[in-house]
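Down below is the structure, laid out as structure tokens.
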Amino acid sequence: MINAPKGTKDILPNESYKWQYIEKVARETAALFGVSEIRTPTFEHTEVFERGVGEGTDIVNKEMYTFLDKGGRSITLKPEGTAGVARAFTENGLNNSALPIKLFYLTSCFRYERPQAGRLREFHQFGTEILGSDKPDIDAETILFAKTFFDKLGIKGLSLRLNSIGCKDCRKNYEKALKEFLNKNADALCPLCRERMEKNPLRVLDCKNDECKKITSGAPVILDYICDDCAKHFEKVKKLLDLSGVEYTVDPKIVRGLDYYTRTVFEFVSDSIGAQGTVCGGGRYDGLIGELGGGDVPGIGFALGIERLLLLMQSTGTEIPCDKKADVYLAPMGEKEAEKAFELVMAMRRAGLKAETDHMGRGIKAQFKYADKIGARFVAVIGSYELDKGVVKVKNMADSTESTVAFCDLENYIKSVR
Ligand code: HAM
């Protein structure tokens with residue numbers, strides 16, 4: 001037997017309806033917020049992520065699925081959605097469309113991480129990227145987009161954490177202070193962090209090594225170093241969230257693990273799904289499009305992991321509606337009757353009803369069992385007597401009541417009682 005690669009999962013029919021439901025609510029919420037779908041390729045030139053996500057990040061350093069294709073090009077399976085969308089925005093001249101342009105995606109992502117609950121090597125994101133506006137109300141709207149989606153799903157127990165990591169200028173002052181702090185503790189840092197400390201000190205704050213974490217817990221925080229403009233921007237974001245009645249906590253320790261962020265960053269976090277509690281993460285990235293050669297276009301977005309969302313929904317008992325597989329199940333009692341059932345099933349389907357019949361040669365008792373398993377609301381039995389008279393005996397599976405209905409009335413009957 002060949003197994004699926006480590007860190008990947010089959011989504012079987014007893015799970016796929018949950019995914020479809022989440023995707024449906026995602027699309028509905030996107031429509032409410034005027035956000036259109038974008039689909040970008042599963043793989044990009046490696047450079048898109050090196051320049052976008054950043055060379056000092058864990059994603060680029062350790063987690064990317066990168067390979068040379070047969071033409072010798074370095075290709076990477078997308079580890080996240082933002083950089084590819086930024087590349088597509090630039091390449092397709094979307095800057096010339098009415099701004100801001102609001103995009104969402106539902107996509108597989110790939111990261112070579114150690115698999116555990118809520119952490120896979122192939123996982124799925126629902127994400128958004130809003131490009132073209134640097135106004136703080138777009139930050140608040142993006143956060144509200146995520147919040148509305150969670151509310152529509154009926155999710156409880158997620159808290160919103162918010163921070164500002166300032167602009168390039170604030171970053172310089174902060175990096176200086178952070179470097180001084182790290183230098184004092186350099187001997188205790190892991191070898192990778194000693195390297196990062198020089199090139200990209202902010203990334204030392206994401207290190208998962210326990211010793212590094214202990215040290216950085218006492219590090220200066222970036223919120224104390226942001227300039228007046230960034231502080232004003234952050235105040236306005238908070239004010240708009242207050243006005244919208246959104247609860248949040250300012251968490252000066254949030255810096256996110258990707259290099260492109262500027263100003264507002266945020267996470268929706270749960271403490272009921274174990275170590276991988278960040279269900280959604282996002283923020284502003286005013287320099288990313290420029291980094292990819294697309295000029296000075298600000299942007300903001302978020303992405304949430306669907307696997308983590310499902311874990312959270314399961315652990316909090318959030319209901320996911322499961323559509324019945326059949327409105328009516330036609331149960332024939334012999335071969336002739338089966339031909340009539342086959343004909344009626346197709347007539348029901350043409351009329352927009354979900355209809356099923358026997359394909360296994362089951363006896364009538366076993367057919368009832370099967371009909372129950374697939375959640376059929378009605379079972380219409382055709383025996384030789386019914387075939388003769390041109391009728392079916394319809395049993396309502398919820399209350400066991402029975403009615404005799406003519407073949408030609410079956411569609412209207414099921415529609416009137418379902
Ligand atoms: P991220 O924080 O790297 O941000 O990932 C976003 C979400 O994807 C996480 O909160 C988590 O739910 C899920 N996720 C990440 N890695 C895994 C994994 N290995 N297994 C399962 N789920 C995972 C980004 O990807 C940014 N592109 C978000 C963004 C969009 N920022 C601005 N726009």
Side-chain angles (χ1 to χ4, degrees), residues 5-9 11 22 26 35 38 40 44 48-49 52-54 57-60 62-65 77-89 100-131 138-139 141-143 145-146 149-150 155 158-161 163 165 203 206 208 254-270 273-289 291 298-313:
K6 196 171 163 186
T8 68
K9 258 191 169 167
I11 300 164
I22 286 171
V35 184
I38 184 166
T40 64
E44 298 274 353
V48 169
F49 304 112
V53 176
T57 59
D58 269 357
I59 293 180
V60 171
K62 305 189 210 163
E63 296 168 2
M64 295 206 305
Y65 279 88
L77 301 185
K78 63 171 127 171
E80 57 102 56
T82 313
V85 170
R87 194 267 313 137
F89 174 90
I101 184 161
K102 302 182 185 182
L103 305 166
F104 82 88
Y105 48 85
L106 285 155
T107 186
S108 284
C109 295
F110 306 87
R111 294 185 194 176
Y112 193 81
E113 294 194 84
R114 198 165 44 79
Q116 61 180 85
R119 192 160 76 191
L120 289 110
R121 291 186 174 167
E122 180 184 16
F123 61 98
H124 299 78
Q125 285 189 343
F126 165 45
T128 189
E129 312 299 344
I130 316 280
L131 296 152
I138 279 289
D139 304 32
E141 176 162 308
T142 304
I143 293 169
F145 178 15
F149 170 71
F150 292 130
I155 287 175
L158 267 182
S159 55
L160 170 60
R161 312 244 174 101
N163 192 22
I165 59 168
R203 297 283 70 91
D206 319 320
K208 287 159 195 146
I254 292 183
V255 289
R256 312 275 303 128
L258 302 90
D259 272 355
Y260 47 61
Y261 290 113
T262 53
R263 293 194 160 174
T264 313
V265 286
F266 59 93
E267 290 179 350
F268 284 87
V269 184
S270 158
I273 53 170
Q276 305 304 315
T278 307
V279 175
C280 172
R284 182 165 273 291
Y285 46 83
D286 290 345
L288 174 61
I289 301 281
E291 191 61 49
I300 179 163
F302 68 74
L304 58 92
I306 298 182
E307 285 83 357
R308 284 187 200 176
L309 182 67
L310 279 166
L311 277 181
L312 176 64
M313 291 176 85

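Worth saying up front: this structure is predicted, and the values here are computed from it rather than measured. In listed order, ligands and their atoms are each counted from 1.
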Could you tell me whether ligand 1 has any atom less than 4.0 Å away from a heavy atom of Gly127?
->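 No; Gly127 lies far enough from ligand 1 that no heavy-atom distance drops under 4.0 Å.
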Could you establish whether Tyr285 and ligand 1 come within less than 4.0 Å of each other, counting only heavy atoms on the residue side?
->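 Heavy atoms of Tyr285 do come under 4.0 Å of ligand 1.
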Out of all atoms in ligand 1, which are within 4.0 Å of some heavy atom of [X]? Include the element for each.
X      : answer
Glu80  : 25 (O), 26 (C), 27 (N)
Gly282 : 31 (N)
Gly281 : 10 (O), 28 (C), 29 (C)
Tyr261 : 26 (C), 28 (C), 29 (C), 31 (N), 32 (C)
Glu129 : 30 (C), 32 (C), 33 (N)
Cys280 : 10 (O)
Phe302 : 29 (C), 30 (C), 32 (C), 33 (N)
Leu120 : 18 (C), 19 (N), 20 (N), 21 (C)

To which of Arg114, Arg308, Gln125 does the heavy atom nearest atom 24 (C) of ligand 1 belong?
->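 Among Arg114, Arg308, Gln125, the closest heavy atom to atom 24 (C) of ligand 1 comes from Gln125.
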Between the candidates Glu307, Glu267, Arg111, which shows the shortest non-hydrogen contact distance to atom 15 (C) of ligand 1?
->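 It is Arg111 that holds the nearest heavy atom.
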Could you measure the distance from the [atom1] atom of [X] to the [atom2] atom of [Y]? Nearest 0.5 Å is fine.
X      : Y      : atom1 : atom2 : value
Glu113 : Ile59  : CD    : CD1   : 7.5 Å
Phe149 : Phe302 : CZ    : CZ    : 8.0 Å
Ile165 : Arg263 : CD1   : CZ    : 11.5 Å
Phe126 : Leu309 : CZ    : CG    : 10.0 Å
Arg308 : Ile273 : CZ    : CD1   : 7.0 Å

Looking only at protein heavy atoms, which one is nearest to [atom], and how far off is it?
atom                    : result
atom 14 (N) of ligand 1 : Phe123 CE1, 3.4 Å
atom 12 (O) of ligand 1 : Val279 O, 2.9 Å
atom 26 (C) of ligand 1 : Tyr260 OH, 3.3 Å
atom 1 (P) of ligand 1  : Arg256 NH2, 3.5 Å
atom 30 (C) of ligand 1 : Thr82 OG1, 3.0 Å
atom 13 (C) of ligand 1 : Gly305 CA, 3.7 Å
atom 10 (O) of ligand 1 : Thr278 O, 3.0 Å
atom 19 (N) of ligand 1 : Glu113 OE2, 2.7 Å

Glu122 and Thr8: side chain donor to acceptor below 3.5 Å |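 Thr8 and Glu122 do not have a side-chain donor-acceptor pair below 3.5 Å.
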Say whether Tyr285 and Thr82, considering side chains only, have a donor N or O and an acceptor N or O under 3.5 Å apart.
->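 Thr82 and Tyr285 do not have a side-chain donor-acceptor pair below 3.5 Å.
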Side chain to side chain contact (heavy atoms under 4.5 Å, CB included) partner of Val53, the single match among Leu258, Asp259, Val48, Leu288 =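 That would be Leu258.
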Taking everything shown except Tyr65 itself, do over 12 heavy atoms lie less than 6.0 Å from its OH?
->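 Enclosed.
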State, with a plain yes or no, whether a side-chain heavy atom of Arg121 is found less than 4.5 Å away from one of Tyr112.
->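 When only atoms from C-beta onward are counted, Tyr112 and Arg121 do touch, with a gap below 4.5 Å.
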Where do Lys78 and Ser108 come nearest, in terms of heavy atoms and distance?
->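 Smallest interatomic distance, heavy atoms only, reads CG-O, 3.8 Å.
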Does a side-chain N-to-carboxylate-O contact under 4.0 Å join Glu267 and Arg256?
->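 Yes, Glu267 and Arg256 are salt-bridged.
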